[in-house]
Amino acid sequence: MAYKPQYCPGQTQVAENRRKQLDPNHKLEKIRDVTDKDVVLVMGHKAPGAAYPSAHPPLSEQQEPACPIRKLVTPTDGAKAGDRVRYIQFTDSMYNAPCQPYQRSWLEAYRFRGIDPGTLSGRQIIECRERDLEKYAKELINTELFDAALTGIRGCTVHGHSLRLDENGMMFDMLQRFVMDKKSGMVKYVKDQVGVPLDSEVKVGKPMDAKWLKTHTTMYHSLVGTGFRDDAEYVEYIQRIHALRVKYGFMPKEA
Amino acid sequence: MTDATFPQCRIVTERLLNPETTEHLLNKLSEIAGIRRMVLNGPRLPATVTYGPATGMANPHNMRKTIHVGDQEVELQVHVGTVILELESRDVIPTLKTACEQVFTNFTFRIQEGKFMKTEPSLVDYCKYGPDADKSILGLADPSSKSKPTIIQGIK
C-alpha cells in the first residue's frame, strides 16, 4: 500500500485544520484579494514596480562548479535571477488566529521551495529570494492562513500574540501598523511591516467572525476555542515524544 | 511605601480598553470615596518608534490619547489592560464593582483582591528619589521616566 502521510495527530477540529493546511494537495481557500503591489508595499523592501536588486549575477551568466547536487535541484526563479534574500514576518494572536508560528514553518516546508523559516513563540519569519517571497507572501496573505484582525505582518516590534484583544477585536500592536476603519469595518495597513508610514493604505478586508475563526483555527485555547486537553490523541502523541526525548537524554542502551 | 493594612485590588478586563472606556471608568472611579492610589497597567505605547529601521519616527497610535479625569488631564502612555487600586477599606469593593458593571457592558471583567503594588523602594527608586523619597508615590510612575503621578481631587 502506498504511504499516505498523516501530517499530525488529533481528533478535534483544530487538528483537522492543521492537517488540511499541512497537506500540499489541499488547496487553501482564497478569501481576499491583496494585489502584488500591495504585498510589496506592506513588506517595504523595494518600491512597487521597481526592478529586483540582485545579490549575484544570474546563474545562466556565471560559471557553476561541477556539483551533483546542483544538477539534481532546480533553482527557484529568484535564485536563477540572483535576487536578494528578503523576509516577511507574521504574528498570530492566541485568540483563535487561523495559523500559528510552528504550523507556518511546517506548512511552508511542505508547500514552498527555497525558504528559510524561523519559528519563535509568537512570530514566524520566512526568508527567501525576493521574487519567490512575493509569490509566497501573496499566498500567505490571501488565503485562509490570514485574518485581518488576528494576524499581523510585523518585521519588528511584534509583541501582541499573547495579549488580550482590544475592544475592536484587534490584536495589540505597539506600532499600530493596521487599523480598523469603523465605518466600513475594513482593516487597512497604514505602515509597512517595520513601521514606516505608507503613502497609500493597503486594505486587507474585514476580520472574520468568531464562528469562522473557531472552525478554522489551528491553535488550541481552552477559553475561546478548543482546549488542548480535549484532544486525547494529541496529548498522547506529545507525551510520547516528550518521554522519548527525555529517555534519549540519558542515552539508554539496548539490552 | 504602602501601608500593609490598606487593601489592594485590581480590575482585569476581557479586552484591552479604548481611551474612551478608560476615561469613562476613571471618571466613575473618581466619584467613589475611599480610593487612595491607582495605577494603569498595560503594554506601552511610545510616541516614537523605538526599534528597527523606523527608529525615531513618529508613532501615531489611536490608543495613546489625553483623557480628562475629574479636573485633570491624563496622558495615556499605555494601552490600559489592568487597573490596580489601593483602597482605604474593603467596603469600597462592592461600589467598585457597581461602577465597573456600568462601564463594561460589552465584555466581562473581574476584580481581584491581593497585593499588587510595591511595598519597598527598589534600587531604581533609590537612585531616582534618594533615601528620603515620598513613599506614597513609589510604584506609581516608572522611575526611569520623567512622568509623575497625576493627583486627582477626590470627593472626600
Side-chain angles (χ1 to χ4, degrees), chain A residues 42-46 86-89 91 93-96 122-123 125 149-150 152-183 187-199 201 207 210 221 223-224, chain B residues 10-26 28 40-65 67 75-84 100-112 142 145:
Chain A
V42 170
M43 290 199 293
H45 298 308
K46 70 179 184 76
R86 287 294 176 264
Y87 69 92
I88 186 166
Q89 183 165 252
T91 307
S93 171
M94 282 170 62
Y95 289 89
N96 281 347
R123 61 191 161 113
I125 187 168
L150 302 182
I153 305 170
R154 304 180 182 182
C156 60
T157 323
V158 296
H159 190 44
H161 102 111
S162 61
L163 298 188
R164 285 165 280 168
L165 304 178
D166 74 10
E167 287 185 48
N168 307 326
M170 305 280 285
M171 177 169 56
F172 172 79
D173 183 5
M174 192 174 97
L175 303 186
Q176 204 170 44
R177 280 158 273 223
F178 49 105
V179 291
M180 164 88 80
D181 185 346
K182 279 195 177 167
K183 274 185 189 166
V187 174
K188 54 193 184 182
Y189 273 75
V190 291
K191 297 178 184 176
D192 73 7
Q193 63 174 343
V194 293
V196 177
L198 291 172
D199 295 334
E201 295 163 347
H221 196 300
L223 294 178
V224 293
Chain B
R10 131 176 121 173
I11 302 167
V12 185
T13 52
E14 189 186 353
R15 295 290 178 100
L16 300 179
L17 304 179
N18 287 350
E20 298 75 25
T21 315
T22 309
E23 188 175 36
H24 189 190
L25 173 71
L26 296 189
K28 287 277 180 198
L40 303 180
N41 263 347
R44 201 166 76 90
L45 302 171
T48 54
V49 179
T50 54
Y51 187 78
T55 303
M57 293 177 90
N59 179 31
H61 203 298
N62 291 347
M63 301 298 165
R64 192 184 57 246
K65 279 185 184 164
I67 59 174
E75 194 189 340
L76 290 176
Q77 296 178 20
V78 294
H79 195 164
V80 180
T82 311
V83 181
I84 300 173
C100 290
E101 280 164 356
Q102 289 169 8
V103 178
F104 306 132
T105 50
N106 297 328
F107 48 87
T108 58
F109 71 95
R110 61 177 172 171
I111 297 178
Q112 299 169 313
D142 179 3
S145 76

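In the text below, chain A, chain B and the rest are named by the order of the sequence lines, each starting its count at 1.
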- Message: Just so I know, are the side chains of A:Phe172 and B:Leu45 near enough to count as touching, which here means a heavy-atom distance under 4.5 Å?
- Response: yes
- Task: Report yes or no: does A:Arg164 contribute a side-chain atom to a donor-acceptor pair with the main-chain N or O of B:Gly81 at less than 3.5 Å?
- Result: yes
- Note on the structure: Scanning both residues in full, the closest heavy-atom pair of B:Ala54 with A:Val196 reads CB-CG2, 3.8 Å
- Under 3.5 Å, is there a donor-acceptor pair between the side chain of B:Arg15 and the main chain of A:Asp166? yes
- Item | From B:Met57 atom CE to A:Leu175 atom CG, the distance as rounded to the nearest 0.5 Å | 11.0 Å
- For B:Asn18 and A:Asn168, run side-chain contact (heavy atoms from CB on, under 4.5 Å): C-alpha distance rounded to whole Å, both residues' side-chain angles, the deciding distance at 0.1 Å, then the answer. CA-CA 9 Å; B:Asn18 287 350; A:Asn168 307 326; 3.8 Å; yes
Can you give each donor-acceptor pair under 3.5 Å made by side-chain atoms of residues 103-111 of chain B, sequence neighbours left out, with the distance rounded to 0.1 Å?
unit_1   : atom_1 : unit_2  : atom_2 : d
B:Thr108 : OG1    : B:Glu14 : OE1    : 3.1

- Structural part of A:Val190 lying under 4.5 Å from a heavy atom of chain B: neither
- Message: Please classify the contact of B:Thr13 with chain A as side chain, backbone, both or neither, using a heavy-atom distance under 4.5 Å.
- Response: both
- Item | Part of A:Asp192 lying under 4.5 Å from any heavy atom of chain B | neither
- Message: So, using side chain to side chain contact (heavy atoms under 4.5 Å, CB included) as the criterion, who are the partners of B:Pro46 when residues are at least two apart?
- Response: A:Met174, B:Arg44, B:Thr50, B:Asn59
- Note on the structure: Taking every heavy atom of A:Cys156 against every heavy atom of B:Pro53, the minimum-distance pair comes out as SG-CD, 4.4 Å
- Item | chain B contact via A:Leu163 - which portion, at a heavy-atom distance below 4.5 Å | side chain
- Task: Given side-chain contact (heavy atoms from CB on, under 4.5 Å), test B:Leu16 with A:Glu167 step by step and report yes or no.
- Result: CA-CA 6 Å; B:Leu16 300 179; A:Glu167 287 185 48; over 6 Å; no
- Message: Is B:His61 in contact with chain A via its backbone, its side chain, both, or neither, using a 4.5 Å heavy-atom distance?
- Response: both
- Would a 4.5 Å heavy-atom cut-off, applied to side chains only, mark A:Lys191 and B:Pro60 as touching? yes
